[in-house]
K.L.:
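Here's a structure for you.
Throughout, a chain's letter reflects where its sequence line sits, starting with A, and its residues are numbered from 1. Just so it is clear, the structure is predicted and the values come from calculations on it, not from any experiment.
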2 protein chains.
Amino acid sequence: MRNIVMSICYDGTAYYGFQSQPGGNTIQDYIEAAIEQLTGENIILTSSGRTDAGVHARSQIINFQTASSIPLERWAFALNSRLPPDIRILEARMADPDFHARRWAKRKTYRYTINHNRIPDVFQRHMQFHHPASLDVEAMRHALQTLVGEHDFTSFCSVKSTKPSHVRTIYEVSLELDPHVPGVIHIFVTGNGFLQHMVRIIVGTLLQIGEGKRSAEDMSGILAARSRSKAGPTAMSHGLMLWDVVY
Amino acid sequence: MRNIVMSICYDGTAYYGFQSQPGGNTIQDYIEAAIEQLTGENIILTSSGRTDAGVHARSQIINFQTASSIPLERWAFALNSRLPPDIRILEARMADPDFHARRWAKRKTYRYTINHNRIPDVFQRHMQFHHPASLDVEAMRHALQTLVGEHDFTSFCSVKSTKPSHVRTIYEVSLELDPHVPGVIHIFVTGNGFLQHMVRIIVGTLLQIGEGKRSAEDMSGILAARSRSKAGPTAMSHGLMLWDVVY
């Protein structure tokens, strides 16, 4: 058996999220079906983590065990020809026999994109949250910085979470104005792990701060409260993209 | 009556082209229906020119006569709330009573985008023609330059054209490597008018030159032949975007 690791990307618009579920139509389902078509093996793949319905991935990492002898350099092309055009395998490599895409992940980066122009960009409408408002970008940047470090992120986690601990470490954050398109903001968050809806609740709270409904200084109090009700709303899923996973 | 001119943009993926036709589902149909919903008027709009099925517009210009007294600054918002999300009105202005979006157009620019990487970009797949091949960009640039000036473009025109003259003037051309994404090429063509499929046939011919199937020097002979059969194939529509119209 070989343990194969792949980097993949997808436009999540048409799917019910990454991870298999009873209703089907997930990215995992399509990739497992393509692998079965190719190898005859009914494998279950592991990913670096699920992404919600409508969320995209520039670089998601998956791995699976296979007895197939197909050469590594053929996997991407062979699977891509069996996948819908909004899911692409970028590369396949051999992994350590013990490699596990979720457990071995050290850092993950998400990007959230906001377009706050009056009129949305039709060509990016599935990848940008359109929120036409005047935003105090410096206040948002200041508030975002508050989250760096090890914290209990219960305030920024769905109440449906079943995780035993909500303590996570945020290593890096940044808020960047798109250098080419005025009115477009990219928020990057890098951490050792993310809770359900965590980045989207952070962004929903930052938007309230950007609009002046709350001050940047409120952020540390929201974090300390460990209560979902203290944070802002969950921002729409389509602005979110899994940007990078580091092992 | 006022003559209103609007700049609009659209993602052409889902439509049978700009111009109304018996089968419906055109961009013109949706805009005229939105104007009728808003004003009660059953107008017929004029555009700078049709675009084919799957072709996009960053900036298309339309005009129409209306008796409505809705203030100019309200039109974009009012129509956008009645249009599908892949068609947006960018701006509305008053035009000279005689202004005609097609007849008054002095220069139009189209952009055609080629992605020649091994794996397509899932997020740009509706806006880039994916053609994984090694391309001689300098040869393509040289051949493209041949087209500047006033020429009979019959070789680069659909045989279905019913235009009495195929003489058009190309003012400017350029072939630019995307500064951010390796393997992505943008071809810009500016002229006083374009024949049916003209940019797409130019691009189809440039791709043959880029792949070394023809030499750059062949371009002037293809042009001089005034025969569609001498040029390359018509490149796919989804790589094409109406970029700008100047009056």
K.L.:
Which region of A:Leu90, side chain (C-beta onward) or backbone (N, CA, C, O), has a non-hydrogen atom less than 4.5 Å from a non-hydrogen atom of chain B, or is it both or neither?
P.N.:
both
K.L.:
Supply the atom-to-atom distance B:Arg118 CZ to A:Asn80 CG, rounded to the nearest 0.5 angstrom.
P.N.:
8.5 Å
K.L.:
Please find the pair of heavy atoms, one from A:Val122 and one from B:Cys9, that lie closest to each other, and give the distance.
P.N.:
CG2-SG, 3.8 Å
K.L.:
Counting only heavy atoms not in B:Arg74, do more than 12 sit closer than 6.0 Å to its CZ atom?
P.N.:
no
K.L.:
Could you check whether atom CZ of B:Arg2 has more than 12 heavy atoms from other residues, nucleotides or ligands sitting under 6.0 Å from it?
P.N.:
yes
K.L.:
Over 60° means perpendicular and under 30° means parallel, so classify the ring planes of B:His180 and A:His180, tilted if in between.
P.N.:
tilted
K.L.:
Counting only heavy atoms not in A:Tyr16, do more than 12 fall under 6.0 Å of its OH?
P.N.:
no
K.L.:
Working note: B:Met241 + A:Phe123, criterion side chain to side chain contact (heavy atoms under 4.5 Å, CB included); need CA distance, chi angles, decisive distance, verdict.
P.N.:
CA-CA 11 Å; B:Met241 192 178 291; A:Phe123 303 110; 3.7 Å; yes
K.L.:
I'd like to know if A:Asp11 pairs up with B:Arg125 as an ion pair, taking the criterion as any Lys NZ or Arg NE/NH1/NH2 lying under 4.0 Å from an Asp or Glu carboxylate oxygen.
P.N.:
yes
K.L.:
How many angstroms lie between CD1 in A:Ile8 and CD1 in B:Ile119, if you round to the nearest 0.5 Å?
P.N.:
11.5 Å
K.L.:
Heavy-atom count around B:Phe77 CZ within 6.0 Å, excluding the residue itself: above 12?
P.N.:
no
